[in-house]
S.K.: 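Below is a structure I'd like to ask you about.
Values below: every heavy atom of this structure, side chains too, minus hydrogens, waters and symmetry copies.
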Amino acid sequence: MLPDPLRRGPSLRIVGLMSGTSYDGVDVVAAEFTADGDTLRLRPLGHRELAYPDDLRAEIGALLPPAATTIEAVCRLDNRLGEVFAEAAAAGVELAGGAADAVVSPGQTVFHWVEAGRVRGTLQLGAPARVAARVGVPVLHDLRSADVAAGGQGAPLVPAFDALLLDPAFSPRAARGPAGTGARAALNLGGIANLTVVAPGAPVLGYDVGPANALLDAAARRLLDRPCDVDGARAAAGRVHEALLARLLAEPYYAAPPPKSTGKELFHGGYLDAALAALGEPVAADDVLATLTELTARTVADACDRHRVTEVVAAGGGVRNPTLRARLAALGEGRWRLRTTDELGVPAQAKEAYAFALLGWLSWHGLPGAVPSVTGASRAAVLGSWTPAGPSAAAPCPPAPRRLVVDA
């Protein structure tokens with residue numbers, strides 16, 4: 001939530017980028033924000049999805065845990081991603097009408113350092129100086145580290161957006177369930193499924209539930225030699241393997257209380273290989289995909305039931321999987337309804353990029369973007385580091401100095 005009412009001010013046009021744990025491409029948005037009292041108005045200016053070439057996807061995958069890597073490989077990938085994000089930012093400036101005030105480029109997460117449930121550090125790559133040089137405006141990056149430094153998980157960060165969008169005190173669309181709680185959930189189905197719960201009179205709650213596309217895509221690459229199971233077609237043709245499902249559901253992460261966050265440092269291809277090997281029997285490819293779809297649907301539905309939500313507003317690449325969506329809708333029938341953020345004016349595929357654009361607006365004004373009740377931080381942190389594109393327009397620029405004098 002915004003901590004203090006804001007006076008109406010000039011609008012800002014911000015470009016938001018997002019490359020998630022599926023690392024299949026960059027989502028690009030342009031948004032115009034205008035503060036009107038304690039209401040922030042968002043005008044979407046357009047979005048695009050720029051797919052990564054196969055060799056870049058392979059380069060990212062080769063560097064991710066549990067693979068070993070080198071500093072040289074990290075440096076090369078950092079700069080290559082910077083060039084890709086620079087092109088994406090330029091596309092975003094075009095969407096903004098040819099001019100933007102700032103770009104938010106959170107980078108590609110390649111490691112999230114978690115020990116005993118506590119996040120010790122996090123690393124995103126994407127050479128923000130290359131982005132600033134390309135588009136000529138300030139670039140906000142490294143958005144997670146400030147929250148980690150405050151004792152938080154550094155993720156998820158999207159709940160700041162969800163809390164404003166779904167605030168039941170202001171939203172005319174707020175659902176009211178049989179218990180009258182009005183609790184609503186925002187669900188993102190990316191590589192990881194994360195949930196935000198917003199209810200009247202309660203702190204915002206949000207955390208990573210578990211894998212969404214991470215294990216599904218790993219299975220498609222291993223078993224189908226494809227980047228993904230398009231439309232969940234192969235999963236729809238398979239049957240849930242109960243023994244495999246039981247083994248996957250026994251993962252301790254699901255029972256851990258929030259705040260918590262996870263990623264491909266846990267849910268990766270090797271994790272799936274180990275689960276299949278432990279069965280001691282072969283499982284057909286379609287049945288593996290059906291089982292992984294059920295895993296995602298079951299863990300998400302359990303979380304929604306636990307928080308007694310009456311409505312789930314979904315976004316992310318997973319909403320384009322009709323098999324997964326149908327299973328989620330079936331599990332929620334009679335308790336909560338499933339819809340997408342498209343119905344609220346936010347394109348489901350681009351929602352996280354719009355959320356990062358919002359975080360840029362908050363940081364621009366010195367306002368916190370992390371939600372401590374979500375991340376577990378000791379305080380609400382202002383997020384990110386700014387890479388300037390040149391002299392600040394906010395302060396007069398003196399002439400370039402020709403000498404330095406030290407005053408004793």
S.K.: Just how far is it from atom CG of L331 to atom CG of D305, taken to the nearest 0.5 Å?
M.R.: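 Here the interatomic distance stands at 8.0 Å.
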S.K.: Nearest 0.5 Å, please: how far is CD in E59 from CZ in R80?
M.R.: 5.0 Å
S.K.: For the pair D287 and R234, evaluate salt bridge (charged side-chain N to carboxylate O under 4.0 Å, His left out) and give the outcome as yes or no after the intermediate values.
M.R.: CA-CA 8 Å; D287 293 350; R234 297 292 293 268; over 6 Å; no
S.K.: Once you measure the plane-to-plane angle for H268 and Y271, does it fall in the parallel (<30°), tilted (30-60°) or perpendicular (>60°) bin?
M.R.: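 Perpendicular: the ring planes of H268 and Y271 meet at over 60°.
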S.K.: Please assess T375 against D147 for the test side-chain hydrogen bond (donor to acceptor under 3.5 Å, both in side chains), listing each intermediate value before the final yes or no.
M.R.: CA-CA 8 Å; T375 68; D147 184 74; 2.8 Å; yes
S.K.: How close do Y354 and P347 get, counting heavy atoms only, and between which atoms?
M.R.: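 The pair with the smallest heavy-atom distance is CE1-CD, 3.8 Å.
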S.K.: Is any side-chain heavy atom of L189 closer than 4.5 Å to one of L328?
M.R.: yes
S.K.: Less than 4.5 Å apart, any side-chain heavy atom of R325 and any of V319?
M.R.: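 Yes. Closest side-chain heavy atoms under 4.5 Å.
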S.K.: Can you tell me if D342 and T340 form a side-chain donor-acceptor pair at under 3.5 Å?
M.R.: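 Yes - a donor-acceptor pair under 3.5 Å links their side chains.
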S.K.: Is there a side-chain contact between Y23 and K264 (heavy atoms, below 4.5 Å)?
M.R.: yes
S.K.: So, the side chain of R130 versus the backbone of G82: is there a donor-acceptor pair under 3.5 Å, distance only?
M.R.: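 Judged by distance alone, no pair lies under 3.5 Å.
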S.K.: Are the side chain of N321 and the backbone of G317 linked by a donor-acceptor contact shorter than 3.5 Å?
M.R.: no
S.K.: Centres of the H307 and Y207 rings: under 6.0 Å?
M.R.: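 Centroid distance H307-Y207: below 6.0 Å, so yes.
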S.K.: Could you check whether any side-chain heavy atom of V15 comes within less than 4.5 Å of a side-chain heavy atom of V28, counting everything from C-beta outward?
M.R.: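 Contact flag for V15/V28 side chains = yes.
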S.K.: Answer yes or no on whether K260 is positioned over the face of Y253, meaning its NZ or CZ is under 6.0 Å from the six-membered ring centre and within 45° of the axis.
M.R.: yes
S.K.: State the CZ-OG1 distance between R247 and T291, to the nearest 0.5 angstrom.
M.R.: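 So the gap between those two atoms works out to 13.0 Å.
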S.K.: Hey, does the side chain of T21 reach the backbone of I192 with a donor-acceptor pair shorter than 3.5 angstrom?
M.R.: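 Confirmed, T21 side chain pairs with I192 backbone.
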S.K.: Starting from the C-alpha separation in whole Å, work towards a yes-or-no answer on side-chain contact (heavy atoms from CB on, under 4.5 Å) for Y52 and I60.
M.R.: CA-CA 10 Å; Y52 287 149; I60 297 171; 3.9 Å; yes
S.K.: Let me see the working for V110 and T69 under side-chain contact (heavy atoms from CB on, under 4.5 Å), right down to the final yes or no.
M.R.: CA-CA 11 Å; V110 293; T69 188; over 6 Å; no
S.K.: If I take atom CD from residue E265 and atom CZ from residue F111, how far apart are they, to the nearest 0.5 angstrom?
M.R.: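 Rounded to the nearest 0.5 Å, the CD-CZ separation comes out at 6.5 Å.
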S.K.: Identify the two heavy atoms, one from A163 and one from V204, that lie closest to each other, and give their separation to 0.1 Å.
M.R.: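 Nearest heavy atoms, A163 then V204: CB-CG2, 3.7 Å.
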S.K.: So, taking the atom named CG in L195 and the one named CZ in R306, what distance separates them when rounded to the nearest 0.5 Å?
M.R.: 9.5 Å
S.K.: Before you tell me yes or no, could you show the steps for E352 and N188 under side-chain contact (heavy atoms from CB on, under 4.5 Å), namely the whole-Å CA-CA distance, both residues' side-chain angles and the distance that decides it to 0.1 Å?
M.R.: CA-CA 8 Å; E352 284 201 302; N188 186 72; 3.4 Å; yes
S.K.: Could you tell me whether a side-chain N or O of S261 sits under 3.5 Å from a main-chain N or O of P156, the two making a donor and an acceptor?
M.R.: no
S.K.: Report yes if the side chains of T293 and V240 come closer than 4.5 Å at any heavy-atom pair, otherwise no.
M.R.: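 No - every pair of side-chain heavy atoms lies 4.5 Å or more apart.
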S.K.: Please report the shortest heavy-atom distance between P138 and A389, naming the atom on each side.
M.R.: N-CB, 4.2 Å
S.K.: Measure from the side-chain N and O atoms of T341 to the backbone N and O of L344, and report whether any donor-acceptor pair falls under 3.5 Å.
M.R.: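 Judged by distance alone, no pair lies under 3.5 Å.
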S.K.: Evaluate the side-chain proximity of L244 to L276: yes if any heavy-atom separation is below 4.5 Å, no if none is.
M.R.: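 Yes, their side chains come closer than 4.5 Å.
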S.K.: Please report the interatomic distance NE2(H241) to CG(D286), rounded to the nearest 0.5 Å.
M.R.: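 The CG atom of D286 is 13.5 Å from NE2 of H241, to the nearest 0.5 Å.
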S.K.: Assess, by modelled atom type and distance only, whether the side chains of D142 and S145 contain a donor and an acceptor separated by less than 3.5 Å.
M.R.: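 Yes, because at least one side-chain N or O of D142 sits under 3.5 Å from a partner of the opposite role on S145.
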S.K.: Is there a side-chain hydrogen bond (donor to acceptor under 3.5 Å, both in side chains) between T122 and Q124 once you walk through the steps?
M.R.: CA-CA 7 Å; T122 186; Q124 289 75 44; 2.8 Å; yes
S.K.: Mark yes when over 12 heavy atoms from residues, nucleotides or ligands other than R57 sit less than 6.0 Å from its CZ; otherwise mark no.
M.R.: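 Yes, the 6.0 Å shell around CZ holds more than 12 heavy atoms from other groups.
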S.K.: Quick test of your reading of the model: are R222 and D273 salt-bridged, counting only N-O distances below 4.0 Å?
M.R.: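 Answer for the salt bridge query: yes.
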S.K.: Stepwise, does the side-chain contact (heavy atoms from CB on, under 4.5 Å) test hold for V119 with H112?
M.R.: CA-CA 7 Å; V119 175; H112 205 54; 3.8 Å; yes
S.K.: Considering all heavy atoms of both residues, which atom of V131 and which atom of S105 are nearest to each other, and what is their separation?
M.R.: CG2-OG, 4.2 Å
S.K.: So does R226 pair up with D217, basic N to acidic O under 4.0 Å?
M.R.: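 Answer for the salt bridge query: no.
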S.K.: Under the criterion side chain to side chain contact (heavy atoms under 4.5 Å, CB included), which of L215, L248, N213 is the partner of F267?
M.R.: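 Among L215, L248, N213, the one meeting side chain to side chain contact (heavy atoms under 4.5 Å, CB included) with F267 is L215.
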S.K.: Using a cut-off of 6.0 Å, state whether more than 12 heavy atoms not belonging to E281 lie near its atom CD.
M.R.: yes
S.K.: Would you say CG of D55 has more than 12 non-hydrogen atoms from neighbouring residues, nucleotides or ligands within 6.0 angstrom?
M.R.: yes
S.K.: Side chains of E32 and T34: do they bring a donor and an acceptor to under 3.5 Å?
M.R.: no
S.K.: With heavy-atom distances below 4.5 Å as the criterion, would you say the side chains of D162 and K351 are in contact?
M.R.: yes
S.K.: For P259 and Q153, which heavy atoms make the closest approach, and how far apart are they?
M.R.: O-NE2, 3.7 Å
S.K.: So do the side chains of V114 and T262 get within less than 4.5 Å of each other, counting heavy atoms only?
M.R.: no
S.K.: What's the verdict on salt bridge (charged side-chain N to carboxylate O under 4.0 Å, His left out) for E49 and R320, showing C-alpha distance, side-chain angles and the deciding distance?
M.R.: CA-CA 14 Å; E49 183 180 355; R320 297 187 294 191; 3.5 Å; yes
S.K.: Closest heavy-atom contact between L383 and G369?
M.R.: CD1-C, 3.7 Å
